[in-house]
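Naming: A, B, ... by sequence-line order, numbering from 1 per chain.
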Protein chains: 2
Amino acid sequence: MKSYGQYCSVAKALDVVGDRWTLLIVRELITQGPCRYTDLRAGLPGIASNLLATRLRELEAAGLITRTAAPPPVATTLFELTDRGRQLKDVLDALGRWGVDFMVTADGSDAFRSTWFTFAAENFLSDTDPAAPEVTIGLDAGDAPVHIAVGGGRVELRRGAAPAPDLTLTGEPRLIMGVLAGKLTLQDARSAGLSAAGDLTVLARVGRV
Amino acid sequence: MKSYGQYCSVAKALDVVGDRWTLLIVRELITQGPCRYTDLRAGLPGIASNLLATRLRELEAAGLITRTAAPPPVATTLFELTDRGRQLKDVLDALGRWGVDFMVTADGSDAFRSTWFTFAAENFLSDTDPAAPEVTIGLDAGDAPVHIAVGGGRVELRRGAAPAPDLTLTGEPRLIMGVLAGKLTLQDARSAGLSAAGDLTVLARVGRV
DNA sequence: CGGCATCCTCTTTGATACTG
DNA sequence: CAGTATCAAAGAGGATGCCG
């Protein structure tokens with residue numbers, strides 16, 4: 001990217017991460033951990049292959065990611081965030097919180113990966129009863145399952161199916177999002193195709209920030 | 001901007017503010033308040049005029065700014081952030097904090113406006129003695145003067161010269177930044193051309209976050 | 001003067017195909 | 001698997017002109 005040429009910390013930050021796709025690559029590496037090239041492509045539907053290669057080179061040159069040749073049996077290149085790269089989580093959190101409103105009103109034509117719930121869920125949900133025992137809500141939106149762990153005042157999205165979820169929401173991403181965001185009643189979501197199995201009262205445990 | 005087409009709050013946010021120059025326009029409106037077209041151009045050196053006009057239209061369509069015809073004697077169009085637009089301050093804060101490191105190492109060829117110190121100063125300085133009386137540090141980097149007000153646990157950058165600054169730093173932006181960031185000793189900065197007039201002990205009042 | 005629109009060039013991105 | 005190569009399309013940058 002051409003530098004803005006401005007002595008301003010915001011402009012300097014955007015000089016490095018303001019390019020198209022760059023912050024979404026960081027999003028993948030933050031939510032997924034070290035990734036292969038192929039993993040990144042899968043998590044970034046729409047990106048052109050040459051552009052991904054270019055961005056990875058730029059991110060490496062900027063010191064935000066490292067490229068390591070994993071030993072057998074993996075035998076592949078792994079892209080991983082440096083500490084400096086991981087510090088961008090605060091930026092993604094801020095963007096994720098600001099962007100939540102757009103998710104509720106989005107139409108159904110978007111691509112979806114379950115890990116993308118991370119920045120929405122962790123930034124606008126909160127544990128309304130930190131002293132109560134931890135509860136988990138399993139989410140299944142057709143993609144790989146994830147679950148939300150709520151407890152100790154923290155809300156965290158984790159990969160994989162919950163071992164013993166208190167509640168499981170199955171259905172389209174928009175319905176799950178609508179219910180979690182409190183923009184959709186459970187009734188409405190159910191009649192639109194969402195299925196909710198388990199203890200429905202745990203929904204009250206996650207309040208909007 | 002072409003939408004990423006991803007059902008992710010980060011991607012949705014970037015669909016709206018991910019375009020080149022967009023967040024810097026928001027920066028100007030946050031640090032300066034309502035601006036005329038000409039004010040924006042002055043605060044965004046390097047932007048093409050047609051591009052600014054395009055971005056302003058997009059921001060208005062997205063509901064982040066409003067355009068109001070100011071009555072005489074001003075008799076001009078004023079661009080102003082909506083609440084939704086102002087909520088982007090958190091994003092700019094996060095970017096500003098992340099980008100501070102780049103300012104210390106930047107070369108001297110960048111454009112500079114004193115209000116650009118805002119996101120650097122407010123995000124990496126802190127009031128180390130909240131109970132002590134407020135102190136102000138005047139900054140004069142050749143541009144319009146600004147001053148940092150430190151007190152009550154808060155650090156704020158304000159426009160204009162301080163009425164009675166406890167300390168005044170005059171010199172190149174990088175020298176002022178280096179001293180505030182603690183990356184440059186006052187001696188080194190002075191021999192590089194910085195002048196510091198007043199009570200030097202107030203520098204200890206602003207610690208790095 | 002303030003707020004653009006036009007025209008032109010150059011760079012970046014996108015889509016797809018191909019390769020060690 | 002991890003990229004290049006190629007080419008078309010879109011966007012950005014810069015100069016200038018227009019109109020109240």
Side-chain angles (χ1 to χ4, degrees), chain A residues 1-6 11 14-25 28-29 32 34-62 65-80 109-111, chain B residues 1-6 11 14-25 28-29 32 34-62 65-80 109-111:
Chain A
M1 156 174 279
K2 189 182 170 190
S3 168
Y4 287 107
Q6 300 186 353
L14 291 174
D15 280 347
V16 179
V17 298
D19 263 327
R20 190 158 166 80
W21 292 107
T22 300
L23 280 176
L24 295 187
I25 294 173
E28 287 304 304
L29 291 169
Q32 311 259 25
C35 285
R36 296 173 300 173
Y37 189 89
T38 313
D39 300 330
L40 289 170
R41 283 195 74 168
L44 296 163
I47 197 171
S49 179
N50 58 350
L51 196 49
L52 175 55
T54 301
R55 289 286 179 274
L56 289 172
R57 261 194 306 269
E58 293 166 346
L59 283 168
E60 194 183 4
I65 66 172
T66 57
R67 179 190 306 251
T68 56
V74 187
T76 184
T77 312
L78 281 182
F79 297 93
E80 188 169 8
S109 63
D110 289 323
Chain B
M1 157 176 278
K2 190 183 170 190
S3 168
Y4 287 107
Q6 301 186 352
L14 290 174
D15 280 346
V16 179
V17 298
D19 262 328
R20 189 158 166 82
W21 291 107
T22 301
L23 280 175
L24 295 187
I25 294 172
E28 287 303 302
L29 291 169
Q32 312 258 25
C35 286
R36 297 174 298 175
Y37 188 89
T38 313
D39 300 330
L40 288 170
R41 283 196 72 168
L44 297 163
I47 196 172
S49 179
N50 56 352
L51 195 49
L52 176 55
T54 302
R55 289 286 179 272
L56 289 172
R57 260 194 307 269
E58 293 166 346
L59 283 167
E60 194 183 6
I65 66 172
T66 56
R67 178 189 308 251
T68 56
V74 186
T76 183
T77 314
L78 280 182
F79 298 92
E80 189 170 6
S109 63
D110 289 323

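As a whole-Å value, the separation of Leu24(A) CG from dG14(C) P is 11 Å. Residue Leu52(A) contributes atom CG, which lies 16 Å from atom C1' of dT16(C) at whole-angstrom precision. Summarising the geometry, the separation between CZ on Arg67(A) and P on dC1(D) is reported as 16 Å, rounded to the nearest angstrom.
From Leu14(B), atom CG reaches atom CG of Leu24(A) across 5.5 Å, with rounding to the nearest 0.5 Å.
Contacts of Tyr4(B) classified as ring-ring contact (aromatic ring centres under 6.0 Å, His included), with partners at least two apart in sequence or in another chain: Trp21(A). Every side chain to side chain donor-acceptor pair (under 3.5 Å) that Ser3(B) has, sequence neighbours left out, goes to Asp15(B). Checked against side chain to side chain donor-acceptor pair (under 3.5 Å), Gln32(A) has the following partners two or more places apart in sequence or in another chain: Glu28(A), Arg159(A).
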Could you go through the side chain to side chain contact (heavy atoms under 4.5 Å, CB included) check for Phe79(A) and Thr66(A) one step at a time?
CA-CA 6 Å; Phe79(A) 297 93; Thr66(A) 57; over 6 Å; no
Verdict with supporting geometry, Glu58(B) and Arg55(B), salt bridge (Lys or Arg N to Asp or Glu O under 4.0 Å)
CA-CA 5 Å; Glu58(B) 293 166 346; Arg55(B) 289 286 179 272; 3.1 Å; yes
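Of the two residues contacting DNA chain D, namely Leu56(A) and Tyr4(A), the nearest-nucleotide position lying further toward the 5' end is that of Leu56(A).
Each end of the helix from dC1(C)-dG20(D) to dG20(C)-dC1(D) yields a helix axis from five base pairs, and these two axes differ in direction by 30° (to the nearest 10 degrees).
Looking at Leu52(B) and Arg41(B), their side chains come closer than 4.5 Å, going by heavy atoms from C-beta outward. Under the 4.5 Å side-chain criterion, counting only non-hydrogen atoms from C-beta, Asp110(A) is not in contact with Gln6(B).
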Could you run through nucleotides 5-13 of chain C and give me one letter per nucleotide, 5' to 3': B if any protein heavy atom sits under 4.0 Å from the base, S if only the sugar-phosphate is that close, - if neither?
BBB-----S
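DNA chain C is contacted by no residue of residues 35-43 of chain A, taking any non-hydrogen atom closer than 4.0 Å.
Minimum atom distance to the side chain of Phe79(A) is reached by dG3(D), of the listed dG3(D), dC4(C), dG2(C).
Side-chain contact of Ser49(B) with Tyr37(B): a donor-acceptor pair under 3.5 Å is present, judged by distance alone.
Taking all atoms of both residues into account, the shortest heavy-atom contact from Cys35(B) to Leu29(B) is CB-CD2, 3.8 Å. Contact record, Leu51(A) with Ile47(A): CB-CG1, 4.3 Å, taken as the closest heavy-atom pair.
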